[in-house]
Amino acid sequence: MEIKPLNIGGVRLEGNVLLAPLAGYTDFAFRGLCVELGASLAFTEMVSCKGLMYNNENTSALLTVTDKERVKAAQIFGNDPQIMRAACESEHLAPFDIIDINMGCPVPKLYKNGEGSALLENIALAEKVVSECVKSGKVITVKFRTGVTEDKLVTEEFARMCEGAGASMITVHGRPRSAYYSGDVNTAQIAKAKNAVSIPVIANGGIFTEDDATALVEATGADGVMVARGALYDPFIFSKITRKTQLIGFKELIFMHVDGLKLIHPDRWIAHNMRKQIACYLKGVRGGKQAKIRLLSCETTEELKAVVSEVFE
Ligand SMILES: Cc1cc2nc3c(=O)[nH]c(=O)nc-3n(C[C@H](O)[C@H](O)[C@H](O)COP(=O)(O)O)c2cc1C
């Protein structure tokens, strides 16, 4: 695909390949690595605006960010326009240049609360949320799905609403809530969004290779792509798509991720939390299956590294 700069509400990105927000995965160390590998923007995982306002300790760890990310982007969720705006104006989000609003999360806990993808069924409230957040003065973007179910697609209307309410970019995940993360990406719907608005439109869903990225841009006319699970299995996907030369190997990358987390987390926390992420990295790698089982008993980062070293020997 063609790599080109993006202007998001006055914030310039060098390129148009983005790392998606991924709950439980897109920590500051991972995001920094993805940016180094070629991603032009990386989002924190979704953070509850209420958690933010009540100074939840876990929330501030999720919002740790370093200067490895030249442009910094956080994602928040919630459905109370005033609380969402207060979150955007809060000190917690001060380090971030861009705040993305999650209007696509399918999990029942959020959906039943009227948050995440439930806002696709309440466009009037979604509009209030976006326009209040815009009043904070922050650059606001929105990530949403095509609809709640396949027979009630709202992509075009929702895209127009976001632009009208002052959003500076939208990302369309080309699946409805009902599909969660499986099934085809509805490229026609993403194309409709692209044709309906003049702010940048980013296409998301099903990018696992460089060719997938090219095909998605060609089919949708989108201004850029957002890679999600594909980056968990292979963060080098960013250098492949952007054709950026890479000097480090997979083992070094994993070690850098583990060591990066030491900035704020104790060793045992890292050992436990990196098990699932290293398991993703080892998907498809020879010897990866047996290593994944051994990872489960690792209690220190030294033990984790020993398992990884053996796989890449
Ligand atoms: C484990 C996991 C966590 C996710 N967390 C978030 C999140 O915090 N915010 C969000 O907007 N989307 C989240 N998503 C959705 C992804 O950002 C993306 O839209 C979706 O996975 C489709 O892209 P893909 O087919 O390339 O994986 C998550 C997806 C997965 C699999």
Side-chain angles (χ1 to χ4, degrees), residues 1 17-28 30-31 34 39 41-49 51-52 58-59 61-63 73-79 98-111 115-120 126 129 140-147 155 158 162 167 169-187 189-190 193 201-217 219-220 222 224-235 237-238 240-241 273 275-277 279-281 283:
M1 64 175 270
V17 183
L18 281 51
L19 169 67
L22 287 155
Y25 292 94
T26 48
D27 57 67
F28 66 94
F30 182 68
R31 299 195 311 272
C34 290
L41 188 66
F43 292 85
T44 69
E45 68 176 78
M46 58 179 182
V47 169
S48 155
C49 71
L52 262 180
N58 184 37
T59 307
L62 299 180
L63 290 175
Q75 191 192 55
I76 59 172
F77 71 90
N79 67 356
I98 295 172
I99 313 290
D100 188 70
I101 306 176
N102 181 317
M103 295 196 175
C105 182
V107 305
K109 203 174 125 192
L110 268 77
Y111 181 74
E115 301 167 326
S117 60
L119 287 158
L120 296 166
V129 168
I140 302 296
T141 62
V142 182
K143 179 167 178 280
F144 63 93
R145 287 177 178 250
T146 52
T155 322
F158 213 80
C162 290
M169 178 184 86
I170 53 171
T171 301
V172 185
H173 175 191
R175 300 182 178 102
R177 171 181 187 256
S178 54
Y180 273 64
Y181 303 107
S182 60
D184 289 341
V185 167
N186 191 331
T187 53
Q189 284 289 310
I190 302 177
V201 174
I202 304 298
N204 167 241
I207 298 178
F208 293 93
T209 65
E210 188 186 341
D211 288 348
D212 292 339
T214 304
L216 192 57
V217 169
T220 60
V225 293
M226 179 181 273
V227 184
R229 287 166 297 174
L232 298 182
Y233 303 131
D234 180 14
I237 190 169
F238 293 108
K240 291 172 187 161
I241 297 176
N273 281 272
R275 290 172 183 169
K276 66 177 190 318
Q277 201 134 358
C280 288
Y281 291 150
K283 193 175 188 263

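Start at 1 and go down the list; that is how both ligands and their atoms are numbered. Model, not experiment: these values are computed from the prediction.
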Original post:
Is any side-chain heavy atom of Thr220 closer than 4.5 Å to a side-chain heavy atom of Val185?
Top reply: no
Subject >> Heavy-atom check, side chain of Leu62 versus side chain of Thr44, under 4.5 Å >> reply: no
Original post:
Between Arg229 and Tyr181, is NZ or CZ placed under 6.0 angstrom from the six-membered ring centre and within 45° of the ring axis?
Top reply: no
Subject >> NZ or CZ of Lys276 within 45° of Tyr25 ring axis and under 6.0 Å >> reply: yes
Subject >> Sorted by chain and number, the residues that approach ligand 1 to under 4.0 Å with a heavy atom >> reply: Ala20, Pro21, Leu22, Ala23, Tyr25, Met46, Gln75, Asn102, Lys143, His173, Arg175, Tyr181, Asn204, Gly205, Gly206, Ile207, Ala228, Arg229
Subject >> Non-hydrogen atoms of Leu19 and Ala231 that approach each other most closely >> reply: CD1-CB, 3.7 Å
**OP:** Output the distance between atom CG (Leu41) and atom OG1 (Thr141), rounded to the nearest 0.5 Å.
**Re:** 8.0 Å
